[in-house]
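A short worksheet on the structure shown next.
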Number of protein chains: 2
Amino acid sequence: MSSTLSELEKEVIEIFVRLAAGLSLPRSVGELYGLLFISPNPLCINDCMNKLKISKGSTSQGLKILRSFGAVNPVYIPGSRSDHFEAESSLRNIVTGFVNEQVRPHLENGKVRMARINELIAAEEEEERREFFEMRIGRLQGWQKRAGSLLPFALNFIKPD
Amino acid sequence: MSSTLSELEKEVIEIFVRLAAGLSLPRSVGELYGLLFISPNPLCINDCMNKLKISKGSTSQGLKILRSFGAVNPVYIPGSRSDHFEAESSLRNIVTGFVNEQVRPHLENGKVRMARINELIAAEEEEERREFFEMRIGRLQGWQKRAGSLLPFALNFIKPD
DNA sequence: CAAATCGTTCATAAAATAATGAACAGGCCG
DNA sequence: CGGCCTGTTCATTATTTTATGAACGATTTG
């Protein structure tokens, strides 16, 4: 297997590097996914680090992250001692994994905070101010709820592939 | 006007600080929006920097970013020489602005790249490899298109408030 | 069992990002 | 005009994030 990147590989990897940046994931994570996405065969850690010229640590860490939301799957290769990986190619699976891992926790956390905020508002003496606060926080809660309901909807929109 | 943050303010600001982190925007941007969101009156740069205890530079920069996608609007205050700002409270306006500024450019860019990638694939001699590449890139384009059509749809889902 | 292979972890180095505050430009008022 | 107030910019500093690679435990091989 060639240890340098083809033009095609470079181009595809760049797409995912940019995507990773947009999601504020480390660049190496984008590189790894891009490489695996366009690779006809599953690759092991050594293949990845050689082709991408990144360190073993980054490779191990990056694949761990990718596995954590199911963007990459381990593949058993008979006769090889190393773990191999291939890119999960179902967008839906990846997005679902990503949302569950990285997005939902924040939404949950927000809900908890709201309880405290509502208490604080109730304690406001001056009526006009209290009403303003209630209005704004009401809106905030509306957003939260809407985000919560948009999510499953969006996931559904990404039909089963 | 008090120059220290009330409990309520702190709590609300924290919500937006976290949100900003999620969008990988500077913390100061979250602080500023949170402060304005819960403020009954428009605030000027000096108000903001005093209450948040951040530098003039950060304040100026942060408000610039917030204005860039319409999360904050300038308000004319008769008799004051400083610009004042209030939070835009229409989620839809903010999300639309944010998507147009920070998301769409990436999608566009991706489309451009695809042209080059398709050329590269066409040049692949070995049939089996070429077919694999076509399959994967086809999928990639499917994602792109879907992301493009999900966006306006999601914006619409956020009804006019 | 000794040597080699594999993968992870973690202290450290390097790089990227954000905050600071002084310098500056423009406007306003006396 | 000259001092004063506003807000922006940008070089520098501080902070945070990411990458590196050596050390390690686990596993396999001969």
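We use all heavy atoms of the structure for the numbers below, so side chains are in, but hydrogens, waters and symmetry mates are not. In this text the structure is predicted, and so the values were computed from the model without any measurement.
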_For A:Arg92, is there any backbone N or O sitting under 3.5 Å from a side-chain donor or acceptor partner on A:Thr96?_
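Yes: the side chain of A:Thr96 pairs with the backbone of A:Arg92.
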
*Counting only N and O atoms by type, is there a donor-acceptor contact under 3.5 Å from the side chain of B:Arg129 to the main-chain atoms of B:Glu124?*
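Answer holds: no.
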
Do other residues, nucleotides or ligands put more than 12 heavy atoms under 6.0 Å from the [atom1] atom of [X]?
{"X": "B:Arg136", "atom1": "CZ", "answer": "yes"}
{"X": "A:Lys53", "atom1": "NZ", "answer": "yes"}
{"X": "B:Glu128", "atom1": "CD", "answer": "no"}

*Atom CG of A:Asn50 and atom P of D:dG21: how far apart are they, to the nearest Å?*
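Atom-to-atom, A:Asn50 to D:dG21, this comes out as 13 Å.
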
*Check the distance between D:dT6's C1' and B:Asp47's CG and give it to me in whole angstrom.*
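Nearest whole value for this atom pair: 13 Å.
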
_Near DNA chain C, counting only heavy atoms under 4.0 Å, which residues of residues 78-88 of chain A show up?_
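Listed by number, they are A:Arg81, A:Ser82, A:Asp83.
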
*asked:* Can you pull out every side chain to side chain donor-acceptor pair (under 3.5 Å) where at least one residue sits in residues 60-72 of chain B? Sequence neighbours excluded, please.
replied: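 Sorted result for residues 60-72 of chain B: empty, none.
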
_I'd like to compare against my own output: the B/S/- annotation of nucleotides 10-20 of chain D with a strict under-4.0 Å heavy-atom distance to protein._
--------SSB

_For chain A and DNA chain C, what are the first and last nucleotides along the strand, 5' to 3', with at least one atom under 4.0 angstrom from a heavy atom of the protein chain?_
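With heavy atoms of chain A under 4.0 Å away, the range is C:dT5 to C:dT9.
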
*Indicate the ring-plane relationship of B:Phe69 and B:Phe98, choosing parallel, tilted or perpendicular according to the 30° and 60° boundaries.*
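Perpendicular, since the angle between the ring planes exceeds 60°.
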
*Over all heavy atoms of both residues, which pair between B:Thr4 and B:Lys51 is shortest? Give the atoms and the distance, please.*
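For B:Thr4 versus B:Lys51, the nearest heavy atoms are O-CE, 3.7 Å.
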
*Kindly state each residue pair satisfying salt bridge (Lys or Arg N to Asp or Glu O under 4.0 Å) with at least one member in residues 10-25 of chain A, sequence neighbours excluded.*
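Qualifying pairs: A:Glu7-A:Lys10, A:Glu11-B:Arg113, A:Glu11-B:Arg116, A:Glu14-A:Arg18, A:Glu14-B:Arg113.
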
*Does B:Glu101 have any salt bridge (charged side-chain N to carboxylate O under 4.0 Å, His left out) partners at least two apart in sequence or in another chain, and if so, which?*
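Counting only residues at least two positions away or on another chain, B:Glu101 forms no salt bridge (charged side-chain N to carboxylate O under 4.0 Å, His left out).
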
